[in-house]
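Written out below as structure tokens is the structure these notes cover.
Note that these values count all heavy atoms, side chains included, but never hydrogens, waters or copies made by symmetry.
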Amino acid sequence: AMTSADGRIISNGFWDGMSISDNGTFGVTFGKMLFDFDMKSLSGNIYDATGIYTGTSDMSIAEVRVTGQELPGVVVLTGITLDSISSVEDDLMSFDVNMGVSEIDAMGMNFTQFVFNQTFTNLDIKSLQEMNTLLNNQATDEEVMAQLDEITRIAITMLEKKPVYQVRELGVMTAQGAIKSEMTASLDQDLVDPSNLDSVAQAVILDATGSIPEAFLTNLGIMPMVQPFVDQGYLTRDNDSLAFEFSYQQGQMSLSGKPFPMAPTQ
């Protein structure tokens, strides 16, 4: 590891892993871990508990294995990777967080190529620092509640910078084919009332698309529950998969272009 006076941390290494067990009824095993960090504190102080860092981080775990009497078999995740990259421009931070798992064995099922890649953009640095400092100074829930007005003010300031959250890819490969999806969340600034944080719920804009193999749902035995959504046009057939287009705006939700009730209608 190496640190410098300007708040930079460069570190790489490995950890051989560990196993924990409880009289043979429960156990967790972590395989070998590799890590590589090149980060820099925006405040220039690497000892700042509320500090915000930019740069890159990469980590991998060879295996995570969980056994237990309550589990139907052994849960094994193989080839786990987690990496991030962040940067700042015009006092706004953007960062990507990418996660992958080569193979998942769980509940008698096998999956491969799990991917969960996310992007956060337009995060106001000053507001993040204020929030970190405020929450770090509050030792109890009561103290946090007492500062709720201040927390709300900071949150509204962050939202005014038009932050965007994006799931670039969320998916996994099943024995019947690929499950895949993506989503973008943003805000309609015209609907945000700075004096009312509850207004944010009406201002949220969500757009998502995805597909899932019909044979996968049939194999799980839940296709009869899904079929009515197909019949009503909320899900559409795309080759051997069922696809959806989800939208939420101004408190209204739609699936595949059709209004979808938020709650059961009488």
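Checking side-chain atoms of Thr54 against main-chain N and O of Ser87 turns up no donor-acceptor pair under 3.5 Å. A donor-acceptor pair under 3.5 Å is absent between the side-chain atoms of Ser254 and the main chain of Gly257, judged by distance alone. Distance alone, capped at 3.5 Å, is enough to place a donor-acceptor pair between the Ser199 side chain and the Asp193 backbone. Asn122 contributes a side-chain N or O that, together with a main-chain N or O of Lys162, makes up a donor-acceptor pair within less than 3.5 Å. Under the 3.5 Å distance criterion, the side-chain polar atoms of Arg65 are left unmatched by any main-chain donor or acceptor of Val76. Thr174 contributes a side-chain N or O that, together with a main-chain N or O of Gln176, makes up a donor-acceptor pair within less than 3.5 Å. Without hydrogens or angle criteria, Gln232 side chain to Pro228 main chain gives a donor-acceptor distance under 3.5 Å. Checked by atom type and distance alone, the side chain of Asp124 pairs as donor or acceptor with a backbone atom of Ser127 at under 3.5 Å. Side chain of Ser86 to main chain of Ser94: no donor-acceptor pair is present (N/O by atom type, distance under 3.5 Å, no hydrogens or angles). Side-chain atoms of Gln249 do not come within 3.5 Å of backbone N or O of Asp207 as any donor-acceptor pair.
Side-chain contact between Asp83 and Thr56: absent, with no pair of heavy atoms (C-beta onward) separated by less than 4.5 Å. Considering only heavy atoms from C-beta on, Lys126 stays 4.5 Å or farther from Leu92 through its side chain. Between Val192 and Gln202, every side-chain heavy-atom pair lies at or beyond the 4.5 Å cut-off. Residues Thr119 and Tyr165 are not in side-chain contact: their nearest non-hydrogen atoms beyond the backbone lie 4.5 Å or more apart. Counting only heavy atoms from C-beta outward, the side chains of Thr236 and Leu242 never approach each other to under 4.5 Å. Counting heavy atoms from C-beta outward, Met33 and Met59 have side chains that approach closer than 4.5 Å. Using a 4.5 Å heavy-atom cutoff, the side chains of Asp105 and Phe111 are not in contact. At a threshold of 4.5 Å between non-hydrogen side-chain atoms, the residues Met109 and Leu220 count as touching.
Using modelled atom types and a 3.5 Å distance limit, the side chains of Thr29 and Ser19 yield a donor-acceptor pair. Between the side chains of Thr78 and Ser102, no donor N or O sits under 3.5 Å from an acceptor N or O. Residues Glu103 and Asn110 have side chains that bring a donor and an acceptor to within less than 3.5 angstrom of each other.
Rounded to the nearest 0.5 Å, atoms CG (Leu42) and CE (Met93) are 5.5 Å apart. Rounding to the nearest 0.5 angstrom, the gap separating the CG atom in Leu34 from the OG1 atom in Thr81 is 11.5 Å. Atom-to-atom distance recorded for Glu63:CD and Ser60:OG is 13.0 Å, nearest 0.5 angstrom. Arg153 contributes atom CZ, which lies 9.0 Å from atom CE of Met131 (distance to the nearest 0.5 angstrom). To the nearest 0.5 Å, atom CD of residue Gln118 and atom CG of residue Leu170 are 8.5 Å apart. Atom CG of Asp240 sits about 13.5 Å away from atom CD1 of Ile212, to the nearest 0.5 Å.
Note on Met223: it clusters hydrophobically with Leu255, by side-chain heavy-atom contacts below 4.5 Å among ILVMFWY residues. Side-chain heavy atoms closer than 4.5 Å link hydrophobic residues (I, L, V, M, F, W, Y) into clusters, and following such links, possibly through other members, connects Ile52 to Val97. Note: the hydrophobic cluster containing Ile85 does not contain Met39 (ILVMFWY, side chain heavy atoms under 4.5 Å, direct or indirect links). Neither Val164 nor Val200 shares a network with the other; the hydrophobic side chains, linked directly or stepwise wherever heavy atoms of I, L, V, M, F, W or Y lie under 4.5 Å apart, form separate groups for each. Clustering ILVMFWY residues whenever any of their side-chain heavy atoms sit less than 4.5 angstrom apart, transitively, puts Ile20 in the very cluster that holds Trp15.
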- Message: Applying side-chain contact (heavy atoms from CB on, under 4.5 Å) to Phe216 and Ile179, what does each step give before you reach the verdict?
- Response: CA-CA 9 Å; Phe216 176 75; Ile179 297 173; 3.8 Å; yes
- Leu187/Ile205 under side-chain contact (heavy atoms from CB on, under 4.5 Å): CA gap, chis, key distance, verdict: CA-CA 6 Å; Leu187 287 174; Ile205 301 172; over 6 Å; no
- Query: Checking side-chain contact (heavy atoms from CB on, under 4.5 Å) for the pair Tyr53/Arg8: CA distance, chi angles, key distance, verdict?
  - Reply: CA-CA 9 Å; Tyr53 291 82; Arg8 190 177 181 193; over 6 Å; no
- Please step through side-chain contact (heavy atoms from CB on, under 4.5 Å) for the pair Leu77 and Val75, ending with a clear verdict. CA-CA 7 Å; Leu77 282 68; Val75 176; 3.8 Å; yes
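Phe244 and Tyr234 have their aromatic ring centers separated by at least 6.0 angstrom. Aromatic rings of Phe37 and Phe35 (six-membered ring for Trp) have centroids within the 6.0 Å cut-off, being under it.
The heavy-atom pair separating Ser57 from Ser84 by the smallest distance is OG-OG, 2.6 Å. Between Ser256 and Ala243, the shortest heavy-atom contact is OG-O, 4.3 Å. The nearest pair of heavy atoms linking Ser241 to Ser211 is CB-CB, 4.2 Å.
With respect to the salt-bridge test (charged N to carboxylate O, under 4.0 angstrom), the residues Lys258 and Glu245 do not qualify. Ion pairing between a basic and an acidic side chain is recognised when a charged N comes within 4.0 Å of a carboxylate O; Asp91 and Lys161 show no such pairing. Using a 4.0 Å cut-off between a side-chain N of Lys or Arg and a carboxylate O of Asp or Glu, Arg237 and Glu214 qualify as a salt bridge.
A 6.0 Å sphere centred on CG of Asp231 holds more than 12 heavy atoms belonging to other residues, nucleotides or ligands. Within a 6.0 Å sphere centred on CZ of Phe229, heavy atoms belonging to other residues, nucleotides or ligands number 12 at most.
The cationic group of Lys32 lies under 6.0 Å from the six-membered ring centre of Phe14 and within 45° of the ring axis, placing it in a cation-pi geometry.
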